[in-house]
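All remarks here apply to the structure that follows.
Being a predicted model, the structure only gives us computed values, none of them experimental. Scope of the values below: all heavy atoms of this structure, side chains included, with no hydrogens, waters or symmetry mates.
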Amino acid sequence: DPFELVKELRTDKEKQTLLPRIASVSRKTGKRVILHVDDIENMVKNDEATHSTLLNLMQGIKENDFYIIASTNDPEKIDRALLQPQRFGIPIYCGLPVPEARREILSIHSTKESQQLGTPLFENDEVRAVILDAVTRATEDFTPRYIAEIANVAKSHLLNRVSQTRGMTVGLTEADLTAHQFTPEDWEKAYNEVSSRYNKDEITRRDKELRDFVDKYLKVGMGFTAGSEVSGHTLFSETDTRRLRAIHETPVTQTQSPS
């Protein structure tokens, strides 16, 4: 939570709990800890107090031996002074999910069986595969949140049918799912409901803006574009090159042990 992190960093070092806990985990495991801060723009405002807070966080990283990854949908709100090496220096564009990712998201949110009793939720694996493949094809340019929402709405349709069969709207348990499985109609209705309130044009427009932002930063701020080689001057002189060549061409004398 970025707000909790800000609160922590503005607390006297002796009273902080988060950073010492991270350091403790690192010491016990012998591995560096990764701290993920979601919606980092909520920490970033154009004022000295927030900048100082973030710089303290960077100092905490060095002292406590952990990494930090920050995510945002609004990189434009982050002051350029913070998008530098040793701070948030490496922007990574994470675009809309590709088919494989969409399929995995759906698979996570639509398990084959109920969690505790293992009651089958699909007629069989083949039916499940057909349904998830169809939804995967239909959700191009959907965000992960809306893809997961389709699965959640499909579950509501399944539970609604169970409720009607049992004649009760509250108190349903996993045992009530016996002999009830998802139908293709559950998923088709769920897709239509979710897609009707999904602004694909706006999402794809914003996705392009984010991609362009990162591409521009890499080109202007770091001197190269994604996927290209870094341009610059030749570091080694001709003399250096000759010296390196001579080193590699020098014959190596091997000493053999007496037989």
Side-chain angles (χ1 to χ4, degrees), residues 1-5 34 36-42 69-75 92-211:
D1 185 335
F3 296 106
E4 288 297 321
L5 186 56
I34 298 176
H36 174 233
V37 183
D38 196 15
D39 297 327
I40 189 66
E41 72 276 3
N42 290 325
I69 298 177
S71 58
T72 179
N73 287 324
D74 297 292
I92 301 173
Y93 163 71
C94 299
L96 296 170
V98 298
E100 294 80 6
R102 299 200 299 273
R103 183 64 159 73
E104 183 64 21
I105 293 169
L106 288 168
S107 182
I108 291 172
H109 291 276
S110 55
T111 56
K112 298 178 182 180
E113 302 172 341
S114 63
Q115 190 171 16
Q116 296 181 355
L117 300 181
T119 304
L121 299 178
F122 291 85
E123 184 179 346
N124 53 52
D125 289 350
E126 187 176 359
V127 169
R128 179 176 182 267
V130 171
I131 291 174
L132 298 192
D133 288 345
V135 179
T136 296
R137 292 193 304 271
T139 51
E140 182 178 4
D141 292 333
F142 273 57
T143 64
R145 183 178 302 173
Y146 276 84
I147 295 172
E149 179 63 8
I150 292 173
N152 291 332
V153 173
K155 292 174 187 176
S156 71
H157 289 305
L158 170 59
L159 292 176
N160 185 54
R161 285 190 288 105
V162 174
S163 176
Q164 292 177 351
T165 301
R166 299 297 186 188
M168 53 193 298
T169 57
V170 295
L172 292 173
T173 66
E174 282 191 28
D176 294 309
L177 291 172
T178 303
H180 292 83
Q181 288 96 30
F182 282 119
T183 65
E185 290 74 22
D186 292 334
W187 289 84
E188 189 167 65
K189 287 190 292 185
Y191 169 77
N192 288 327
E193 290 175 24
V194 174
S195 62
S196 68
R197 58 178 186 269
Y198 184 69
N199 192 335
K200 183 182 289 190
D201 291 340
E202 174 63 21
I203 293 297
T204 53
R205 181 194 64 79
R206 180 55 180 161
D207 181 67
K208 183 179 183 304
E209 288 180 350
L210 294 172
R211 183 174 63 250

Can you give each donor-acceptor pair under 3.5 Å made by side-chain atoms of residues 153-160, sequence neighbours left out, with the distance rounded to 0.1 Å?
unit_1 : atom_1 : unit_2 : atom_2 : d
Lys155 : NZ     : His109 : O      : 3.0
Ser156 : OG     : Val153 : O      : 2.5
His157 : NE2    : Glu193 : OE2    : 2.9

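Across Leu210 and Pro75, no two heavy atoms sit closer than the pair CD2-CD, 3.4 Å. Nearest heavy atoms, Pro99 versus Thr136: O-CG2, 3.5 Å. Closest heavy-atom contact between Leu117 and Ala175: CD1-N, 3.6 Å. When every heavy atom of Ser114 is checked against every heavy atom of Leu177, the shortest pair comes out as CB-CD1, 4.3 Å. For Arg128 against Ser107, the heavy-atom pair with the smallest separation is NH2-OG, 3.2 Å. Counting all heavy atoms, side chain and backbone alike, Leu132 lies closest to Ser110 at CD2-OG, 3.5 Å.
Residue Glu126 places its CD atom among 12 or fewer non-hydrogen atoms of other residues, nucleotides or ligands, all under 6.0 Å distant. Within a 6.0 Å sphere centred on CD of Glu123, heavy atoms belonging to other residues, nucleotides or ligands number 12 at most.
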- prompt: Where do Glu202 and Arg206 land on the salt bridge (Lys or Arg N to Asp or Glu O under 4.0 Å) test, with the steps shown first?
  reply: CA-CA 6 Å; Glu202 174 63 21; Arg206 180 55 180 161; over 6 Å; no

field: CA sep, side-chain torsions, deciding dist, call: Lys200, Ser195, side-chain contact (heavy atoms from CB on, under 4.5 Å)
entry: CA-CA 8 Å; Lys200 183 182 289 190; Ser195 62; over 6 Å; no

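The main-chain N or O of Thr143 is found under 3.5 Å from a side-chain atom of Tyr198 such that the two form a donor-acceptor pair. Listed for the Asn192 side chain is no donor-acceptor partner under 3.5 Å among the backbone atoms of Lys189. A side-chain donor-acceptor contact under 3.5 Å links Asp176 to the backbone of Thr173. Between the side chain of Arg103 and the backbone N or O of Val135 there is no donor-acceptor pair closer than 3.5 Å.
Side-chain contact annotation: Tyr93 with Asp207, donor-acceptor N/O pair under 3.5 Å present. Of the N and O atoms on the side chains of Glu174 and Thr119, not one donor lies less than 3.5 Å from an acceptor on the other residue.
Atoms CD and CG, from Gln115 and Leu121 in turn, are 11.0 Å apart once rounded to the nearest 0.5 Å. Annotation: the span from Thr139 atom OG1 to Ile147 atom CD1 amounts to 4.5 Å, rounded to 0.5 Å. The line from OG of Ser71 to CG of Asp39 is 6.0 Å long, rounded to the nearest 0.5 Å. Atom CD of residue Glu209 and atom OG1 of residue Thr204 lie 10.0 Å apart, to the nearest 0.5 angstrom.
Here the side chains of Leu96 and Arg211 are not in contact, with every heavy-atom distance at 4.5 Å or above. Between Val127 and Gln181 the shortest side-chain heavy-atom distance does not fall below 4.5 Å. Taking 4.5 Å as the limit, every side-chain heavy atom of Ile203 sits out of range of all side-chain heavy atoms of Tyr146. Inter-residue side-chain proximity for Leu106 and Trp187 is flagged as met; some heavy-atom pair is nearer than 4.5 Å.
Looking at residues two or more places apart in sequence or on another chain, you find no salt bridge (charged side-chain N to carboxylate O under 4.0 Å, His left out) involving Arg145.
One finds a salt bridge joining Arg197 and Glu149 here, because a Lys/Arg side-chain nitrogen approaches an Asp/Glu carboxylate oxygen to under 4.0 Å.
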